[in-house]
Amino acid sequence: MHYKRSLLATAALAIKFALGTPLCPAAEPPDPRPNVVIILGDDLGFSDIGSFGGEIKTPALDALAMDGVRFVQFYTQASSSPTRSMLLSGVDAHRNGLGNMDEWMAPNQVGKPGYEGYLNNRVATLPQLLRASGYHTYMAGKWHMGKAPDQIPAARGFERDFSLLDGGGSYWDMSNISAASPLSTYTEDGRYLKKLTRDFYATKTYTDKIIGYIEANRRDGKPFLAYVSHQAPHDPYHLPREWRNRHVAEYDKGWDAVRQARLKRQIELGIMPAGTELAERMWFLPDPCLLAPAARALTGKKMELYAGMVENMDFHIGRLVAYLKKTGQYDNTIFIVFGDNGAEGTDLFAMIAGTPGTRDYLFAATKWSQTHPNAWGDPGSYVGYGPMWAQASMTPFSQYKGYLAEGGIRNALIVSGPVVKRPKGSINRGVLHVADILPTLLEVAGVAYPKQINGHEAPPLLGKSWVKMLAGEEELPRSDRDYLAWELFGNRAVRQGDWKLRWQYKPYGKGEWELFNLADDVAERRDLAAAQPEKVKSLLALWDDYVRANNVILPSRVLFEGMEKKLPDRYPVESGYPPLIYKRQFVPPADMMADPKP
């Protein structure tokens with residue numbers, strides 16, 4: 001859909017000249033192209049939002065969903081910076097500089113094109129292209145794609161920004177989580193900040209900034225791109241006290257009960273079809289029913305905090321929506337809302353802190369010392385909710401962030417605004433990818449993708465435009481012949497149609513290719529590789545094509561090293577097994593009870 005400037009102003013000038021009316025400088029007519037708001041939740045789970053089955057209260061996000069369309073087969077990468085790089089470039093991460101996360105770059109990848117560890121200059125960014133066409137471009141939140149002056153948001157097309165350059169950190173101040181990098185780095189309008197204001201709280205401040213940027217130029221008639229890249233709900237779970245106790249004891253029932261309830265709602269809402277199975281509970285996680293009450297309460301409190309993080313983020317998203325409605329901008333604004341990867345199930349803090357006697361362990365013990373549950377959420381506390389709740393956040397899928405099971409890469413997506421002509425509140429099952437967003441918005445704005453970038457041939461776009469699909473002119477942007485592929489940390493996958501081929505390191509995978517039919521096994525419970533060798537062969541050919549086309553370099557070192565020995569042996573998880581620990585006390589019939597004889 002193209003939005004073109006009106007010719008009325010030109011016609012008015014011609015009439016004035018013909019009538020002999022003195023000419024005065026004419027005001028530039030407003031640009032009718034829509035505004036764009038991209039809202040990213042960091043580690044937000046597929047089923048956390050109410051309109052996707054969650055019990056967490058998200059009225060602002062649910063309202064956007066009911067005013068637009070929900071997409072249930074939308075894919076990202078399995079981790080933060082690779083996803084963000086494809087969002088802003090439309091180019092595969094192995095080409096745009098984030099072929100691996102900078103924090104986990106393997107020795108054989110260092111220095112190779114596509115593995116710079118930041119968004120490289122061989123790609124053009126969405127804000128660069130829209131800004132050149134007349135858009136204002138604003139950003140607030142997490143960047144995670146480079147820190148040098150030529151890598152920060154201001155250098156990559158954002159006119160105004162307030163940005164956290166790191167992958168995470170405190171929500172209250174500049175505290176970071178490793179001894180080597182004890183302070184997080186922030187920029188504002190292209191300048192590195194010496195400090196943060198005393199009233200800083202990440203989610204609120206990012207929202208304040210983005211509203212301020214929009215308001216400052218509201219009357220100049222130009223459309224805007226606002227990239228609201230929330231840090232929430234990434235750990236540590238920091239939030240104001242009034243947001244910490246909204247779900248007291250609600251999660252003491254445990255993760256299995258939450259997953260079951262969420263799947264039931266998903267089926268009722270139409271998010272998942274009837275008959276959908278839950279993924280197997282991770283084999284190393286306990287049945288919460290077997291935990292002591294204190295342990296259940298403590299693990300439940302972590303999920304209470306997480307739910308508060310999501311609800312607080314939703315509240316501030318609601319503030320932005322309310323501002324746009326009050327100022328008459330909402331109806332001409334496209335909203336695109338999603339999470340950057342699966343929910344976080346890895347204990348990042350423990351991974352970085354390491355073992356007693358090390359530099360990072362001492363740093364963690366002194367700088368992040370608020371460990372009492374009553375202090376959780378305060379500055380100096382560090383809480384994550386662990387793999388049990390991450391799997392609940394990704395209901396009904398298997399696994400979570402960092403892995404290429406559906407729980408690592410499939411995300412809830414909401415799109416609303418003037419380009420959406422499909423029924424309000426509807427659900428679409430088309431296979432979509434984060435790299436589709438750039439070509440979609442370029443088409444909406446009437447902007448051509450460049451043939452050359454910085455004197456080099458522009459890399460091909462990975463994604464496909466959604467414009468016709470959003471307009472209701474087609475149901476799916478991809479055919480069954482198209483495919484998507486992933487590689488991260490040495491794990492790999494390819495999907496074509498309903499078939500998915502996946503290879504993962506042990507113990508999360510088998511160390512060999514597994515085949516799943518997602519049409520009837522979205523939980524990836526049944527490996528069909530042995531039964532479908534020809535399908536494996538055809539998908540392997542697509543994987544090889546992807547590797548060649550995108551300069552995929554499998555890493556020589558991975559973060560999964562030693563994991564198989566650290567975790568319990570993997571066995572199937574079956575409800576009620578072994579019966580020994582589930583058998584209740586036997587109670588004989590009352591009329592057969594007797595006292596012992598003398």
Side-chain angles (χ1 to χ4, degrees), residues 1-10 26-40 64 67-69 87-90 124-141 153-154 156-163 189-190 206-229 317 319-338 414-421 436-450 461 463 465-471:
M1 186 182 298
H2 269 243
Y3 289 82
K4 297 185 177 179
R5 292 180 180 273
S6 171
L7 297 178
L8 291 177
T10 304
E28 185 76 11
D31 188 330
R33 294 178 297 176
N35 307 310
V36 178
V37 174
I38 299 174
I39 299 175
L40 202 57
L64 288 174
D67 203 26
V69 182
L87 165 65
L88 292 190
S89 73
T125 69
L126 179 64
Q128 286 171 331
L129 297 172
L130 291 187
R131 187 176 181 181
S133 80
Y135 270 72
H136 289 300
T137 54
Y138 312 130
M139 175 186 169
R156 302 315 307 264
F158 284 105
E159 174 186 344
R160 301 289 309 275
D161 83 282
F162 184 94
S163 305
D189 296 340
Y206 298 154
T207 306
D208 291 344
K209 291 292 184 180
I210 212 74
I211 290 174
Y213 298 156
I214 297 169
E215 178 64 18
N217 293 315
R218 175 163 62 91
R219 294 176 176 82
D220 68 4
K222 295 173 65 175
F224 64 81
L225 164 69
Y227 176 36
V228 191
S229 180
I317 291 170
R319 288 178 53 220
L320 173 59
V321 172
Y323 160 76
L324 293 173
K325 287 182 175 180
K326 181 179 180 181
T327 55
Q329 300 177 85
Y330 175 84
D331 290 340
N332 196 37
T333 299
I334 299 168
F335 287 86
I336 301 175
V337 186
F338 61 98
I414 297 168
V415 182
S416 69
V419 298
V420 179
K421 305 302 181 185
D436 299 340
I437 292 174
L438 182 138
T440 299
L441 294 178
L442 292 188
E443 184 174 352
V444 166
V447 177
Y449 182 67
L461 291 177
S465 173
W466 302 338
V467 168
K468 289 184 178 180
M469 177 191 66
L470 294 174

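Fair warning: this is a prediction, and the values are worked out from it, not measured in the lab. For the single chain, residues carry numbers from 1 onward in sequence order.
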Can you list the steps and then say if L320 with I211 is a side chain to side chain contact (heavy atoms under 4.5 Å, CB included)? CA-CA 7 Å; L320 173 59; I211 290 174; 3.8 Å; yes
Looking at [atom1] of [X] and [atom2] of [Y], how far apart are the two atoms once the value is rounded to the nearest 0.5 Å?
| X | Y | atom1 | atom2 | value |
| --- | --- | --- | --- | --- |
| T333 | I214 | OG1 | CD1 | 7.5 Å |
| L129 | Y135 | CG | OH | 12.5 Å |
| Y323 | Q329 | OH | CD | 4.5 Å |
| L324 | E215 | CG | CD | 10.0 Å |
| T207 | I210 | OG1 | CD1 | 8.5 Å |

Distance-minimising heavy-atom pair for [X] and [Y]:
| X | Y | value |
| --- | --- | --- |
| K421 | A471 | CB-O, 3.4 Å |
| G134 | P223 | O-CD, 4.0 Å |
| P32 | N332 | O-ND2, 3.6 Å |
| S465 | E443 | OG-OE1, 2.6 Å |
| D436 | T440 | O-OG1, 2.7 Å |
| S89 | L461 | O-CD2, 3.7 Å |

Can you tell if the side chain of V37 reaches within under 4.5 Å of the side chain of F224, non-hydrogen atoms only?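 Yes, side chains in contact.
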Yes or no on side chain to side chain contact (heavy atoms under 4.5 Å, CB included) for I437 and W466, after CA distance, side-chain angles and deciding distance? CA-CA 8 Å; I437 292 174; W466 302 338; 3.6 Å; yes
Could I get the full list of salt bridge (charged side-chain N to carboxylate O under 4.0 Å, His left out) partners for D331, not counting sequence neighbours?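 Applying salt bridge (charged side-chain N to carboxylate O under 4.0 Å, His left out) to D331 gives none.
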Excluding sequence neighbours, so at least two apart, what forms salt bridge (charged side-chain N to carboxylate O under 4.0 Å, His left out) with R156?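 R156 satisfies salt bridge (charged side-chain N to carboxylate O under 4.0 Å, His left out) with no residue once adjacent residues are dropped.
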Between [X] (side chain) and [Y] (backbone), is there a donor-acceptor pair under 3.5 Å?
| X | Y | value |
| --- | --- | --- |
| Y213 | D161 | yes |
| Y227 | P127 | no |
| K222 | R219 | no |

As a test of understanding, state which of L442, T137, L87 forms a side-chain contact (heavy atoms from CB on, under 4.5 Å) with L126.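 Exactly one pass, corresponding to L442.
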Looking at I334, L441, V467, which hits side-chain contact (heavy atoms from CB on, under 4.5 Å) with V419?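 Passing option: I334.
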Walk me through whether N35 and H136 qualify under side chain to side chain contact (heavy atoms under 4.5 Å, CB included). CA-CA 9 Å; N35 307 310; H136 289 300; over 6 Å; no
Would you check, one step at a time, whether the test side chain to side chain contact (heavy atoms under 4.5 Å, CB included) holds for I38 with F338? CA-CA 8 Å; I38 299 174; F338 61 98; 4.3 Å; yes
Salt bridge or not between D31 and R33? Use side-chain N to carboxylate O under 4.0 Å.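 Between R33 and D31 there is a salt bridge, with a charged N closer than 4.0 Å to a carboxylate O.
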Go through the structure and list residues passing side-chain contact (heavy atoms from CB on, under 4.5 Å) with S416, not counting sequence neighbours.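 side-chain contact (heavy atoms from CB on, under 4.5 Å) list for S416, sorted by chain: L64, F335.
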